[in-house]
Amino acid sequence: MAATDFKDYYAILGVSKTASSEEIKQAFRKLARKYHPDVNPNNKQAEARFKEVSEAYEVVSDPDKRKKYDQFGQYWKQAGEGFPSGGTAPDMGNFDFSQYGNFDEFINELLGRFGGPPPRGAGTGRQSQARSHSYRTSPGTSTHFSSSFNDFGFQDGGAGSTQDSEAAIALTFAEAFNGVKKRFSLGNETIDVNIPSGAKTGTRLRVRGKGQINPMTQQRGDLYLKVELQPHTFFQMEGDNLVCEVPITPDEATLGASIDVPTPDGSVNVKLPAGVRSGQSLRLRGKGWPLAKGGRGDQLVKVAIVPPKDLSQQEREYYEKIRAIRTYNPRSHLNQFRL
């Protein structure tokens with residue numbers, strides 16, 4: 001474990017490791033007033049420092065969290081120096097700190113954030129583990145389908161600011177298309193979140209009152225879930241449009257044809273115009289992704305002309321006859337190009 005992994009929260013607050021709760025509180029309040037973003041508008045360094053100080057206070061102001069943090073500090077120090085007796089870790093109060101790959105994993109779980117390692121022996125299923133986390137403070141005015149929100153925004157009065165959290169949530173195409181209920185573990189708390197149909201990569205969903213606790217006001221911020229769609233074997237997303245690629249044969253491209261194309265609702269019959277080109281898209285209106293404003297987007301069907309690899313004797317004969325009598329040369333215009 002690298003030395004840079006560990007954060008010395010006592011040094012961040014400017015107190016000793018034996019500081020009392022009152023000394024820690026006074027040090028925090030002094031630093032919070034100094035670096036609060038309301039006092040330092042548009043100052044990213046102050047915002048980062050305020051975040052760091054708040055995190056430090058959240059840990060060392062709580063007796064249980066402080067005890068585990070101190071134990072982890074001992075573990076980290078001894079891990080860096082090398083454990084005695086062939087690498088055996090010392091006893092840390094029956095708590096296995098070796099399950100954490102770095103300091104962030106430990107602190108995320110200690111604070112009940114998304115992003116910590118899953119509990120030992122935890123199974124898979126409908127319970128979700130989010131993969132990323134970031135502290136945020138915001139006015140809390142986002143909606144379910146907000147395309148963006150400020151990284152840092154503060155309410156008038158400063159002290160009333162809340163600390164919001166953000167986590168990534170992976171959905172299958174079917175879950176995002178139809179809507180789904182997901183269960184999350186937030187530290188010792190389990191919550192159910194109803195995700196409406198139509199979410200897509202980049203969609204942010206707001207869960208009120210499930211973010212981090214503001215150490216100054218003890219008010220809880222909101223949790224923002226950022227959706228990531230898992231790849232599908234057939235469908236893709238391009239903006240609001242659902243896209244798929246359908247292979248067709250050379251004769252279907254030349255003569256036109258009626259083919260069945262999968263949609264989220266099942267297969268529909270699509271007429272190919274004669275002379276359709278590979279890469280050309282056909283639009284199926286209202287067959288695409290659910291829209292936040294209601295209704296459905298379009299499904300784009302991209303055509304891919306696929307020549308047969310294995311020909312019967314009769315097929316080969318006919319292709320050779322076509323080649324012999326063919327008058328169309330798609331490369332005739334290329335003769336004019338040279339450097």
Side-chain angles (χ1 to χ4, degrees), residues 5-40 44-76 93 95 97 100 102-117 130 132-140 151-155 157-167 184-189 191 207-224:
D5 283 343
F6 186 77
K7 291 182 181 178
D8 188 340
Y9 287 149
Y10 297 106
I12 289 172
L13 292 172
V15 298
S16 69
K17 292 184 178 180
T18 59
S20 66
S21 298
E22 186 62 29
E23 289 173 330
I24 290 173
K25 182 185 293 185
Q26 290 177 0
F28 167 71
R29 287 180 174 175
K30 180 179 179 181
L31 292 171
R33 284 193 295 267
K34 179 178 180 180
Y35 293 109
H36 198 288
D38 280 353
V39 183
N40 302 273
K44 295 297 182 182
Q45 291 182 340
E47 287 174 357
R49 187 79 171 97
F50 180 77
K51 166 185 167 182
E52 187 178 47
V53 167
S54 298
E55 181 179 275
Y57 179 72
E58 187 174 0
V59 172
V60 299
S61 64
D62 181 281
D64 292 334
K65 291 186 178 71
R66 182 178 181 179
K67 180 179 178 181
K68 282 190 177 181
Y69 169 77
D70 289 341
Q71 289 176 334
F72 184 84
Q74 296 175 33
Y75 171 84
W76 162 81
F95 195 85
F97 289 104
Y100 305 106
N102 54 48
F103 178 77
D104 284 342
E105 287 184 2
F106 162 73
I107 210 66
N108 282 346
E109 185 168 284
L110 182 67
L111 297 180
R113 299 175 183 169
F114 286 127
S132 65
H133 175 277
S134 62
Y135 266 118
R136 297 179 183 272
T137 45
S138 78
D151 286 349
F152 291 92
F154 294 88
Q155 297 174 327
S161 300
T162 59
Q163 288 192 308
D164 296 339
S165 307
E166 179 178 310
F184 296 93
S185 293
L186 297 172
N188 297 325
E189 181 182 10
I191 63 171
V207 185
R208 292 181 180 273
K210 297 300 180 182
Q212 299 298 312
I213 297 175
N214 187 311
M216 295 181 67
T217 65
Q218 297 302 307
Q219 292 181 351
R220 195 167 181 180
D222 297 332
L223 170 65
Y224 290 88

For a quick test of reading the model, state the closest non-hydrogen atom pair linking [X] to [Y] and the distance between them.
| X | Y | value |
| --- | --- | --- |
| Ile12 | Ala56 | CG2-CB, 4.1 Å |
| Ala46 | Asn40 | CB-CB, 3.5 Å |
| Ser165 | Gly211 | OG-CA, 3.7 Å |
| Lys17 | Arg66 | O-NH2, 3.0 Å |
| Gly209 | Asp222 | N-OD1, 2.8 Å |
| Val207 | Ile191 | CG1-CD1, 4.4 Å |

*side chain to side chain contact (heavy atoms under 4.5 Å, CB included) involving Ser20 - partner list, sequence neighbours excluded*: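 Ser20 satisfies side chain to side chain contact (heavy atoms under 4.5 Å, CB included) with Glu22, Glu23 only.
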*By side chain to side chain contact (heavy atoms under 4.5 Å, CB included) - contacts of Gln45 (at least two apart)*: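 With neighbours one apart ignored, the set is Asn43.
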_For Arg49, give me all partners under salt bridge (Lys or Arg N to Asp or Glu O under 4.0 Å), at least two apart in sequence or on another chain._
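With sequence neighbours excluded, Arg49 shows a salt bridge (Lys or Arg N to Asp or Glu O under 4.0 Å) to Glu52, given in chain and number order.
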*Working to the nearest 0.5 Å, report the span between CG of Leu223 and CZ of Arg208.*
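It comes to 12.5 Å.
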*asked:* How long is the straight-line distance from NZ of Lys34 back to CZ of Phe50, given to the nearest 0.5 Å?
replied: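 Here the rounded value is 14.0 Å.
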*Report the residues that fulfil side-chain hydrogen bond (donor to acceptor under 3.5 Å, both in side chains) with Ser16, sequence neighbours left out, ordered by chain and then residue number.*
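With neighbours one apart ignored, the set is Thr18.
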*Quick one: list whatever passes side-chain hydrogen bond (donor to acceptor under 3.5 Å, both in side chains) with Asp70, sequence neighbours left out.*
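By the side-chain hydrogen bond (donor to acceptor under 3.5 Å, both in side chains) rule, Asp70 matches Tyr10.
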*Side chains of Glu55 and Gln212: does their closest heavy-atom pair fall under 4.5 Å?*
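No, too far: nothing below the 4.5 Å cut-off.
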*Heavy-atom side-chain contact between Gln26 and Arg29 under 4.5 Å*: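 Of all side-chain heavy-atom pairs linking Arg29 with Gln26, none is under 4.5 Å.
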*Any donor and acceptor pair, going by atom type alone, linking the side chain of Tyr69 with main-chain N or O of Tyr9 inside 3.5 Å?*
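Such a contact is found between Tyr69 side chain and Tyr9 backbone.
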